[in-house]
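Worksheet: the structure to be examined is printed underneath.
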There are 12 protein chains.
Amino acid sequence: MLNILVVHGPNLNLLGKREKNIYGTTNLSTINSKIEKKAKSLKISVELFQSNHEGEIVDVIGKSEKRFNAIIINPAAYTHTSVAIRDAVSAISIPVIEVHLTNIYSREEFRQKSLISPVAIGAICGFGANSYILALEAAVDLCGKV
Amino acid sequence: MLNILVVHGPNLNLLGKREKNIYGTTNLSTINSKIEKKAKSLKISVELFQSNHEGEIVDVIGKSEKRFNAIIINPAAYTHTSVAIRDAVSAISIPVIEVHLTNIYSREEFRQKSLISPVAIGAICGFGANSYILALEAAVDLCGKV
Amino acid sequence: MLNILVVHGPNLNLLGKREKNIYGTTNLSTINSKIEKKAKSLKISVELFQSNHEGEIVDVIGKSEKRFNAIIINPAAYTHTSVAIRDAVSAISIPVIEVHLTNIYSREEFRQKSLISPVAIGAICGFGANSYILALEAAVDLCGKV
Amino acid sequence: MLNILVVHGPNLNLLGKREKNIYGTTNLSTINSKIEKKAKSLKISVELFQSNHEGEIVDVIGKSEKRFNAIIINPAAYTHTSVAIRDAVSAISIPVIEVHLTNIYSREEFRQKSLISPVAIGAICGFGANSYILALEAAVDLCGKV
Amino acid sequence: MLNILVVHGPNLNLLGKREKNIYGTTNLSTINSKIEKKAKSLKISVELFQSNHEGEIVDVIGKSEKRFNAIIINPAAYTHTSVAIRDAVSAISIPVIEVHLTNIYSREEFRQKSLISPVAIGAICGFGANSYILALEAAVDLCGKV
Amino acid sequence: MLNILVVHGPNLNLLGKREKNIYGTTNLSTINSKIEKKAKSLKISVELFQSNHEGEIVDVIGKSEKRFNAIIINPAAYTHTSVAIRDAVSAISIPVIEVHLTNIYSREEFRQKSLISPVAIGAICGFGANSYILALEAAVDLCGKV
Amino acid sequence: MLNILVVHGPNLNLLGKREKNIYGTTNLSTINSKIEKKAKSLKISVELFQSNHEGEIVDVIGKSEKRFNAIIINPAAYTHTSVAIRDAVSAISIPVIEVHLTNIYSREEFRQKSLISPVAIGAICGFGANSYILALEAAVDLCGKV
Amino acid sequence: MLNILVVHGPNLNLLGKREKNIYGTTNLSTINSKIEKKAKSLKISVELFQSNHEGEIVDVIGKSEKRFNAIIINPAAYTHTSVAIRDAVSAISIPVIEVHLTNIYSREEFRQKSLISPVAIGAICGFGANSYILALEAAVDLCGKV
Amino acid sequence: MLNILVVHGPNLNLLGKREKNIYGTTNLSTINSKIEKKAKSLKISVELFQSNHEGEIVDVIGKSEKRFNAIIINPAAYTHTSVAIRDAVSAISIPVIEVHLTNIYSREEFRQKSLISPVAIGAICGFGANSYILALEAAVDLCGKV
Amino acid sequence: MLNILVVHGPNLNLLGKREKNIYGTTNLSTINSKIEKKAKSLKISVELFQSNHEGEIVDVIGKSEKRFNAIIINPAAYTHTSVAIRDAVSAISIPVIEVHLTNIYSREEFRQKSLISPVAIGAICGFGANSYILALEAAVDLCGKV
Amino acid sequence: MLNILVVHGPNLNLLGKREKNIYGTTNLSTINSKIEKKAKSLKISVELFQSNHEGEIVDVIGKSEKRFNAIIINPAAYTHTSVAIRDAVSAISIPVIEVHLTNIYSREEFRQKSLISPVAIGAICGFGANSYILALEAAVDLCGKV
Amino acid sequence: MLNILVVHGPNLNLLGKREKNIYGTTNLSTINSKIEKKAKSLKISVELFQSNHEGEIVDVIGKSEKRFNAIIINPAAYTHTSVAIRDAVSAISIPVIEVHLTNIYSREEFRQKSLISPVAIGAICGFGANSYILALEAAVDLCGKV
């Protein structure tokens, strides 16, 4: 059975109360439930991880290869500043899919540059919680191809 | 029944023979078959359109509102140069989803800037033909919400 | 009798329904009526042309010299991207006046650079439909001077 | 009766002798006569003001609201350097129209950026003295709409 | 007794009526009263000066050293354009504190660069009229240290 | 009673021995004593926090809303690199004041751009330990207004 | 017998009357005659194509592989703006030679960047009609090598 | 007898007390004495003018043509910000020589760009008061040539 | 006996399996053995530290002065993004040597800018594990000089 | 009889052994033979010159006018850095043709800017040794026209 | 007796025949005569040196300190490209004065940046041969001060 | 026995007297002695070469392959300007190590960009004469590996 790691980046623990006009009112546990429900229907297992610490995300990615078949990551603020996470993604050989709740390309200039995108397999952004759901489908499709 | 317009931009008619190391060996009619098969399974109808002419793509988008519930567009080369297509997307009120076969963010500098992304609902790139399939699911989800 | 060509660029056919907060609720046929009425009062004739195709606009300008005394052009999205229209304007010897419904200098960064302005006689922007009316007067004045 | 303030920026007092190949041979008093004649024909009153001092132009704009219905300003050199005039224009609620004798977009790079345009209602440039005349018509049209 | 010069830059005379959504409804005389009241409570004297003229502000700073122990300046629009005021601040040896009513770093790009900050002792911005009050305290603290 | 969180960013634990020509000889515990003394005189309570870890600062800000009325933060090096701290500041609704010991605008180019300023209420820099004292007064004033 | 496609881009139909100081007085049919004469002497056949439409040029290049051994293209204004033509050139496997009548590197800044050059075999510019003649020789040489 | 206007820009009235490490200890009246002494020895007359007001400098240049044969100007801070003074210099037909006490090219980045140099006849910088003396000789030489 | 701290930055724990074409097949424990062997031969002691956490690296540098005579640091990804590590290096008075396994100047644009280099004593890059060995020699030489 | 100078820039003496994947295996003497053979067939004489010294190339160009009718130059590395060679080309009145073995526009960013192109008559690049042969034909054509 | 070295950079040997509209018709030997005549009148000796070779100019400057009291250099094209000449100027302790025949600030963009100016004592440009004469006077004045 | 070429770039002949605060008081012959002594201890031979002429350095590198096993080069000023030396380094197949006496990354902006680094094996900077000694060790290590 496929095992997918889902990584939520900094401040995503505040979802639902944080800038609702941008991020909506759904909180992280609701999104996690949707992910788990979808995983069930796809007959795969998922592990959910959230951290505000760049180093912890680097740690987790670096150790992921043995236990997981793919990673879905919403790097949030670290999207735009973390070469360390980028290098961790490059360092492993399982596919990594980047997701964003919002369409980062319709936001501030500095949010329109992702350091992660060039080393991810692909990216999905702008569909709210559904970005994760689509990424799960993409991950299953990618793993099926290998 | 939902009706979705799928727009293929310039040179996508050459898929399968064009730069296979980048775009793969699948040709456009195979992709179109996959889209139609998926549409059937989602119980929606799709209309497929390809053009190398910026003006024709602008025409088609401008006339789309009455007949379609959403647009999926792979603007190809026009992604990076067409303010006219961007304005056409802004001008209509149905959701528009941008897709790319390749991960444009791991390619040449000039391909990493999309003029369309800021006005699309969301974007999906890097999953080959599957980018379109995921976009169909996203479109159904979006239309269901309205 | 002076004969003036008025060229409307891409997406102007959608006026009245497109982004009303920016472009207002007047549609293109209303603007055209105002132009024709003003032409009548100025005792000149006008020919009205709209196209979403850069190539068609280049064609029309290239053939304009024999039939027209001046051109009024709202290049819309092509304002910012079309060297071809710029070259067509440079190639002819009758005066060309650039107009815009909105004040392009108070909009997005990329809309604040016109490729056409440097080769036009002059520019009028920000007065809505009245931008065309003022341009008609300017054209009459210019032709009278020659 | 509408009352319009016309502001001439720095060095416009030298018109007619200054760089004639660029600005022509008409001097400022001739332009002022044309403006006054046009005002008469439009049945409005105008007040004419010229200064080489940025601070005086800021003063005059700041005090304009009570006495005038609109301002027509040719900020000349201050177009490209004065945030103070820009802020003065923003600070008042009557419409301000920017005019230029020459087409600033076909001149040196630094003249192609106007700090005033983004806060003006609209701009007219390139028609020589006629830029002012067209602006008077635009002002009347704008004031009629309020 | 300490004597502090407070300099208000261009358009601050319009406070209270100017762009109230940005600058609030307090006018300059109310701010001046607050400053004077605070000065009294700190047992210092203040002199208040407002000008829209860059040259006058340069004059006043250049003559300040003999009569004043410190300067508090809100350079307003000249913050972003005046090397002359910057040089005047550098030329004198009493401490100069820069204040702004608004947080200039959350406004337009061009307002985020201050030519004055690099030569001031320190800067206080974003607290409305209270920016001046805090600056008075800072000035007293600085002068006490000398 | 108001409760204010004071956050000291990376390397501020080294104050007093670090680059004394820039940061002076006062160490962090002396600064903290000054802050506590001032808090007492203002009849408010403060909580002091220092960390070299971006993630810990994000954590602390994310949890601050329930216990604190305002935050005073000296983001130090993270001022210029942390979108994560910026997003944490945006995510909460209590006011955040940015302080710096030195005048960052008279230092290296890269220190002159703060990622935090645009989302803070205001900023105070250049007054050494007094920057914090002034920020406490500003915080009390802001909380009094709500 | 070798078969070469010669593509003339936008506004080249106006040659001879367009900006004669830059492009000279030779018109397109004279150039075409020279090309045909040279082709005859080289014992190859040529097909001549001119269009002002980016899309038509993309169409023609996309269909060229079966019928032609090489392409000589003067992309004119599209040199600087068309990723679509660039992609079409990349998509085919026959050699493409870029030509220009004028030395584009001694003209306006924006004309000094060719989007086509990086994907062409080589480029020849500045020799007027002779640029095409030299390109024919180059094409014959290249095809002889394969 | 030749009559030369010498214009001293903003803050030059503070020479001798201002930033002595950069500008030295000579004050403006000493420099003026040196200029007058040199003028005498060259048998020309000079008129000396200092102002901190950009507008006054523009006024003075605009009126200079009738009374003076050449201008020597040290635009000081306005060197880097005043398009108005640049335009005044362009507007007149007598030669204008730019001087600086310091070598502006070895100072801050923003001081290394002169808006005046492109329209002056020539420039002399870095020789302290002697810059003016050399400029007087240059002016006499230039006027002798006409 | 000299005591040297060797700091390995993020993802260096993955050496040997990470992007072998770039970083080679040697893993971190092999490099550490080489360092320890060299230290022995130089009769100095070394302490080895690896972390993926920026904050931990800042902590370790901040505490290093008492126990170590010099630091050798390979900041890896943080080379390009960490002002906090830069400030920590500036804050201490023992010499810091920057090393890189690869020649960062022959890699991606963003890897060619080191934030650490300007505050390090010197840098050694491109020699694989030997970069550390050379740095040990350099450190011994530097400490011998003090 | 026409006499043409052919100048080979730095490192071209290493052709055939240098970066063969880029420059091919033909060495300079083979290219020179081809040039001489072609010259013979065109009934012109050529003089061949190679130098790694910028100054020598400047010398040779400066002395060329009397003895030669045209210059063909491959400035190699100096293409991108030598204003001195550019000025030498400008200083003479015989036509200068720039050639490159490779298509410099498909190589590194810094190789895509030629300082020589703007002052040459025309340029030919990307055809290997044939670039020189085509340039000989172009030179004959140009000289024939004078 | 003072001994001054005058260095003429590349292509100055072509003066009088080179681009006469820019550099005039005076040739180098005429300029040298004027320099020698002026030197005589100032009772100093001069040595004149011209080279097209950057390395020779570096050699000459490096050896100048023992024999000369000052250097006057017109670096011509090397003004804009030679860090080596800049470093040579920095390396010596006698004063170096930069001269230019033309006003380099009114020419092409790339000519407006001098690498030499920041390390020269001062600069004189735009006065033709007189630039050297003024520099001789400046040199005498500078040497007199030491 | 390994034979290493050591190349010293421009102005290094002036070491010891040139800008001692930056480069120290050691002169080139002392450095050369240290290099020779170290070579002896490593049982390799070295050849020492210094030139101020870019062309001579290109010549020497181009001829180095047959006689030398590696090159150590301090390109000095040519580090930042010489594509010709860069190309020479690329053209040969023996390893090239770049050294600098100073830490170029803590100096002026323009010195922080090396054109040579991307084509060298590795770089060592900031250790004074010891930079060369470390490079010798690195060269021996590299040659041992081949």
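Protein chains get the first letters and strands the later ones, always in sequence-line order, with residue 1 at the start of each. Both backbone and side-chain heavy atoms feed into the values below; hydrogens, waters and symmetry mates do not. The structure presented is a predicted model; accordingly, all values stated were derived computationally and were not measured.
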| request: Report the C-alpha separation of L:Asn11 and K:Val58 in whole Å, then their side-chain angles, then the decisive distance to 0.1 Å, and conclude whether the side-chain contact (heavy atoms from CB on, under 4.5 Å) test is met. | output: CA-CA 7 Å; L:Asn11 295 305; K:Val58 173; 3.4 Å; yes

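- L:His80 contributes atom NE2, which lies 7.5 Å from atom CG of K:Asp87 (distance to the nearest 0.5 angstrom).
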Which donor-acceptor pairs under 3.5 Å do the side chains of residues 88-96 of chain L make with protein atoms, sequence neighbours left out?
{"from": "L:Ser90", "atom 1": "OG", "to": "L:Arg86", "atom 2": "O", "distance (Å)": "3.3"}
{"from": "L:Ser93", "atom 1": "OG", "to": "L:Glu65", "atom 2": "OE2", "distance (Å)": "2.5"}

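- Side-chain contact between K:Glu54 and L:His53: absent, with no pair of heavy atoms (C-beta onward) separated by less than 4.5 Å.
- No side-chain heavy atom of L:Asn52 sits less than 4.5 Å from a side-chain heavy atom of K:Glu56.
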